[in-house]
Amino acid sequence: MTWRKDRRDRLTRRLAARTGGRRVVVTGASGAIGRQLAILLGACGAELILLGRDREALRETARQARDGAGAVSVFRVDLTVHEEVTAFTDKLIADRGGADVLVNNAGRSIRRGTVHAANRPHDYRRTMAVNYFGAVDLTLGLLPGMRERGHGHIVNITTIGLQLGMSRFTAYNPSKAALEAFGQSLAPELRREGIAISTVHLPLVRTPMSAPTTAFARLPALDPRQAARMVAKALVTGRPRVSTRLGTAGELLGVAAPRLRLALGALEYRHLPESPSATPATAAPPRGDLT
């Protein structure tokens with residue numbers, strides 16, 4: 001099904017009103033969720049600026065998103081390299097005056113119990129480099145232009161794992177928690193300047209990034225198109241938080257009955273086995289772990 005068939009639904013009508021003709025930067029656009037979001041935004045007439053590490057995959061995303069878009073540009077940027085992020089933001093500001101919307105979607109996910117991570121501190125550093133520092137560098141580079149224009153929207157993609165206290169994500173979850181805390185601290189500073197900050201807690205999504213975790217195959221999950229619509233909901237409403245009911249319930253349980261949530265997390269740890277890619281014999285990062 002193409003986005004053209006969805007043009008007349010309420011969400012996409014409202015998204016077109018909010019983003020049509022606006023410059024929208026999407027990171028991780030070479031991955032499944034980023035691609036579907038770009039296609040949706042393109043159909044709504046946004047001017048797309050797509051970032052990722054895989055140039056060919058970015059070009060394919062641009063090809064699919066170009067129908068209806070004001071313009072589509074692709075930039076190969078490694079978010080872990082501060083100089084590359086700075087060069088991109090400087091060029092975007094010089095050429096087009098910056099961006100109206102930033103979606104910090106790129107992410108690296110590692111699911112590995114700490115029993116297998118004791119000798120892999122680099123996993124924690126590189127996960128934080130993409131999921132937190134890369135997003136912060138990009139936000140700080142584009143924020144002055146938003147302030148000058150008096151409007152903007154920054155959407156940070158995080159995870160239901162923070163809300164449920166899921167095990168084996170001791171690298172991934174803290175990096176996303178840092179990004180969420182960054183947005184929460186920044187939002188009050190920007191409220192009177194017309195700039196919104198939203199956090200989207202995505203649940204499990206069927207993507208190449210989640211595929212190596214075979215234990216997830218039997219769990220309910222969104223497809224990338226549904227995940228893109230969750231992000232679109234944040235763009236349309238400007239809400240500080242967009243979550244699933246399960247995620248919200250898990251978060252409330254953590255406040256009202258933290259021991260119960262801990263017990264449920266321990267049960268999940270016992271019954272969902274380690275990812276095959278996390279064992280010492282195959283300790284290299286799984287394919288598709290970076291979007």
Side-chain angles (χ1 to χ4, degrees), residues 3 6 9-29 31-51 65 99-107 131-132 134-136 138-139 142-143 146 151-163 175-191 193-205 207 221-251 291:
W3 286 113
D6 286 342
D9 74 24
R10 186 167 181 264
L11 178 65
T12 50
R13 286 199 306 270
R14 294 177 67 191
L15 185 64
R18 291 294 295 265
T19 63
R22 295 286 180 95
R23 289 184 296 276
V24 182
V25 174
V26 179
T27 69
I33 298 171
R35 175 170 293 173
Q36 289 301 318
L37 179 60
I39 293 170
L40 174 55
L41 288 165
C44 291
E47 180 183 338
L48 294 172
I49 300 144
L50 308 178
L51 273 62
D100 302 300
V101 178
L102 168 63
V103 181
N104 285 312
N105 167 69
N131 297 355
Y132 179 66
V136 169
L138 200 52
T139 300
L142 296 176
L143 192 55
M146 294 182 183
H151 68 82
H153 196 169
I154 299 165
V155 179
N156 295 321
I157 309 302
T158 66
T159 173
I160 193 174
L162 297 178
Q163 300 170 296
S175 68
K176 288 298 189 179
L179 181 60
E180 182 173 357
F182 171 70
Q184 288 176 342
S185 186
L186 180 61
E189 301 179 24
L190 302 175
R191 186 176 183 185
E193 299 188 43
I195 302 170
I197 307 286
S198 298
T199 297
V200 179
H201 295 103
L202 285 182
L204 179 62
V205 184
T207 68
L222 302 184
D223 62 38
R225 182 176 174 275
Q226 292 170 315
R229 289 178 70 84
M230 277 191 69
V231 180
K233 184 177 180 180
L235 290 168
V236 163
T237 64
R239 291 179 185 172
R241 296 160 58 86
V242 173
S243 301
T244 62
R245 290 179 180 177
L246 176 61
T248 301
E251 199 163 2
T291 57

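Note: hydrogens, waters and symmetry copies are ignored here, and every other heavy atom, side chains too, is used. Residue numbers start at 1 and run along the sequence shown.
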### Query
Going by heavy atoms in the side chains, are Met146 and Leu190 under 4.5 Å from each other?
no

### Message
Within this structure, what is the CZ-OG1 distance for the pair Phe182 and Thr139, rounded to the nearest 0.5 Å?
### Response
5.0 Å

#### Entry: Inter-residue atom distance Leu202.CG - Asn105.CG, 0.5 Å rounding
8.0 Å

### Message
Let me confirm one number: the CD-CD1 distance from Gln184 to Ile197, rounded to the nearest 0.5 Å.
### Response
11.0 Å

### Message
Less than 4.5 Å apart, side chain to side chain, heavy atoms only: is that true for Asn131 and Leu179?
### Response
no

### Query
Taking the side chain as C-beta and beyond, is there a heavy-atom pair between Cys44 and Thr12 under 4.5 Å?
yes

### Query
How long is the span from the CZ atom in Arg22 to the CG atom in Leu235, to the nearest 0.5 Å?
11.5 Å

#### Entry: Any Ile157 side-chain heavy atom under 4.5 Å of Thr27 side chain
no

### Task
Check salt bridge (Lys or Arg N to Asp or Glu O under 4.0 Å) between Glu193 and all other residues, then give those that pass, not counting sequence neighbours.
Arg147

### Query
Would Ile154 and Leu143 satisfy side chain to side chain contact (heavy atoms under 4.5 Å, CB included), going step by step from the backbone distance to the final call?
CA-CA 9 Å; Ile154 299 165; Leu143 192 55; 4.1 Å; yes

### Message
I'd like to check Arg35 versus Pro224 (side-chain heavy atoms, cut-off strictly below 4.5 Å). Are they in contact?
### Response
no

#### Entry: 4.5 Å side-chain heavy-atom contact, Asn156 and Glu180
no

### Task
Evaluate the side-chain proximity of Lys233 to Arg14: yes if any heavy-atom separation is below 4.5 Å, no if none is.
no

### Task
Taking the side chain as every heavy atom from C-beta outward, state whether Val231 and Leu40 have any atom pair closer than 4.5 Å.
no

#### Entry: Interatomic spacing from CG in Asp9 to CZ in Arg229 - rounded to 0.5 Å
4.5 Å

